[in-house]
Amino acid sequence: MQTSSSSTPDRNALLLAFAWLVALVATLGSLYYSEVRSFIPCTLCWYQRIAMYPLVFMLGIATWRNDAQIRPYALTLSLLGLFWSSYHLLEQWVPGVAPSVCKGPIPCNVEYIPSFPIPLQAAIAFLLISVALFLVRPARR
């Protein structure tokens, strides 16, 4: 029978691996949309990518090293990404909410996939990563 102190590293390793896997799938998905399907990312999509792409490397290294100390850094990026995804969804559902952000060749209220919008996919990924990181417990000093 394991004690709670010996199961915490195992639990942390699983949570970190889960967060990394979600970040990896989200990153590969966004690259698929832009490079294979030729969806041109809008400004808010780029902000979400800026938050997601580094998480693949940060969480990958943290998973490999079983380093729960990554939590505050990765959680900050994930919550920023969740904010931008939510803001993007709001712009799609209530056009004109972000007129200063959504300038350029592709407006932020364009929905490439109306039944399951890309910002909703990103928001779900950021939410899953954030929940996993909230559940990670750093080792006691």
Side-chain angles (χ1 to χ4, degrees), residues 2-141:
Q2 291 182 336
T3 63
S4 62
S5 62
S6 67
S7 67
T8 299
D10 295 336
R11 179 176 175 250
N12 283 348
L14 287 173
L15 289 167
L16 287 170
F18 174 76
W20 171 74
L21 185 62
V22 171
L24 180 65
V25 168
T27 297
L28 293 175
S30 77
L31 290 171
Y32 168 77
Y33 286 143
S34 62
E35 299 304 316
V36 176
R37 300 281 307 268
S38 299
F39 294 168
I40 301 170
C42 69
T43 302
L44 291 176
C45 287
W46 278 113
Y47 292 169
Q48 293 163 67
R49 287 175 176 210
I50 289 168
M52 183 63 74
Y53 288 11
L55 286 172
V56 174
F57 299 102
M58 292 170 63
L59 293 169
I61 292 168
T63 300
W64 180 52
R65 296 181 63 194
N66 197 14
D67 184 3
Q69 300 302 318
I70 194 69
R71 182 178 183 240
Y73 312 109
L75 189 55
T76 300
L77 270 178
S78 183
L79 291 174
L80 280 170
L82 182 58
F83 167 77
W84 285 118
S85 297
S86 301
Y87 193 63
H88 196 173
L89 276 172
L90 186 62
E91 174 59 27
Q92 285 189 347
W93 293 336
V94 185
V97 169
S100 63
V101 174
C102 295
K103 292 181 180 175
I106 302 297
C108 296
N109 60 0
V110 169
E111 287 189 30
Y112 286 113
I113 308 170
S115 58
F116 191 33
I118 295 171
L120 179 59
Q121 295 173 35
I124 291 169
F126 283 121
L127 184 62
L128 289 171
I129 292 167
S130 296
V131 168
L133 292 172
F134 269 121
L135 295 174
V136 168
R137 294 291 168 235
R140 294 183 183 170
R141 296 178 190 196

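This one's a predicted model, so the numbers in the text were calculated from it and none came from an experiment.
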Peer 1: So which of Leu15, Leu21, Val22, Leu82 actually passes side chain to side chain contact (heavy atoms under 4.5 Å, CB included) with Ile129?
Peer 2: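 Exactly one candidate clears the test, Val22.
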Peer 1: Short question: side chain of Arg37, backbone of Tyr32 - any donor-acceptor pair under 3.5 Å?
Peer 2: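 Pair absent, no side-chain N/O of Arg37 close to backbone of Tyr32.
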Peer 1: Taking the inter-plane angle between the rings of Phe83 and Tyr87 on a 0 to 90° scale, is it parallel (under 30°), tilted (30 to 60°) or perpendicular (over 60°)?
Peer 2: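 Taking Tyr87 first and then Phe83, their aromatic rings lie parallel (interplane angle under 30°).
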Peer 1: Keeping Thr27 on the side-chain end and Leu24 on the backbone end, is there a donor-acceptor pair under 3.5 Å?
Peer 2: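 The answer is no, because no donor-acceptor pair under 3.5 Å joins these two groups.
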Peer 1: Please assess Leu59 against Leu133 for the test side chain to side chain contact (heavy atoms under 4.5 Å, CB included), listing each intermediate value before the final yes or no.
Peer 2: CA-CA 10 Å; Leu59 293 169; Leu133 292 172; 3.9 Å; yes
Peer 1: Shortest non-hydrogen contact from Thr63 to Ala17?
Peer 2: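 Looking at all heavy atoms of both residues, the shortest contact is OG1-N, 3.6 Å.
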Peer 1: How close do Phe126 and Gln48 get, counting heavy atoms only, and between which atoms?
Peer 2: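 The answer is CZ-O, 3.5 Å.
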Peer 1: Looking at every heavy atom in both Ala62 and Ile70, which two are closest together, and how far apart are they?
Peer 2: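 Distance-wise, the nearest heavy atoms are CB-CG2, 3.4 Å.
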Peer 1: Under 4.5 Å between any side-chain heavy atoms of Met52 and Ser30, yes or no?
Peer 2: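 Not touching, per the 4.5 Å side-chain cut-off.
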Peer 1: Can you tell me how far CH2 of Trp46 sits from OG of Ser34, rounded to the nearest 0.5 angstrom?
Peer 2: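 Those atoms lie 6.5 Å apart.
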Peer 1: Between Ala122 and Ser85, which heavy-atom pair has the shortest distance, and what is it?
Peer 2: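 Taking Ala122 first and Ser85 second, the nearest heavy atoms are CB-OG, 3.5 Å.
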Peer 1: Could you check Ile118 against His88 for side chain to side chain contact (heavy atoms under 4.5 Å, CB included), going step by step and ending with a plain yes or no?
Peer 2: CA-CA 9 Å; Ile118 295 171; His88 196 173; over 6 Å; no
Peer 1: Got Glu91 and Pro119 here, is their nearest side-chain heavy-atom distance under 4.5 Å?
Peer 2: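 Counting from C-beta outward, Glu91 and Pro119 never come under 4.5 Å.
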Peer 1: Within the structure provided, determine whether Pro54 and Leu77 are in side-chain contact (heavy-atom separation under 4.5 Å).
Peer 2: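 Pro54 vs Leu77: side chains touch.
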Peer 1: Would you check, one step at a time, whether the test side chain to side chain contact (heavy atoms under 4.5 Å, CB included) holds for Ile124 with Phe116?
Peer 2: CA-CA 11 Å; Ile124 291 169; Phe116 191 33; 3.9 Å; yes
Peer 1: Distance check, rounded to the nearest 0.5 Å: Leu80 atom CG versus Leu75 atom CG?
Peer 2: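 Rounded to the nearest 0.5 Å, the CG-CG separation comes to 9.5 Å.
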Peer 1: Near Ile40 CD1, under 6.0 Å, is it more than 12 heavy atoms from other residues, nucleotides or ligands?
Peer 2: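 For Ile40, atom CD1 is not crowded (no more than 12 foreign heavy atoms under 6.0 Å).
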Peer 1: Give, for atom CG of Leu44 and atom OG of Ser86, the distance between the pair rounded to the nearest 0.5 Å.
Peer 2: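 It is 11.0 Å, given to the nearest 0.5 Å.
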Peer 1: What are the two closest non-hydrogen atoms of Arg137 and Ala68, and how far apart are they?
Peer 2: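 Shortest heavy-atom separation between Arg137 and Ala68 comes out as O-CB, 4.2 Å.
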Peer 1: Run Ile50 and Trp84 through side chain to side chain contact (heavy atoms under 4.5 Å, CB included) and show every step you take.
Peer 2: CA-CA 10 Å; Ile50 289 168; Trp84 285 118; over 6 Å; no
Peer 1: Within the 4.5 Å heavy-atom criterion, are Val136 and Leu16 side-chain neighbours or not?
Peer 2: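 SC-SC contact between Val136 and Leu16 confirmed.
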Peer 1: With a 4.5 Å heavy-atom cut-off, do Tyr53 and Leu31 have their side chains touching?
Peer 2: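 SC-SC contact between Tyr53 and Leu31 confirmed.
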Peer 1: Is there a side-chain contact between Trp20 and Met58 in this structure, where contact means two heavy atoms from C-beta onward sitting under 4.5 Å apart?
Peer 2: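 No. Closest side-chain heavy atoms not under 4.5 Å.
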Peer 1: Considering non-hydrogen atoms only, spot the tightest contact between Gln121 and Tyr33 and give its length.
Peer 2: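 Gln121 and Tyr33 have their closest heavy atoms at OE1-OH, 2.9 Å.
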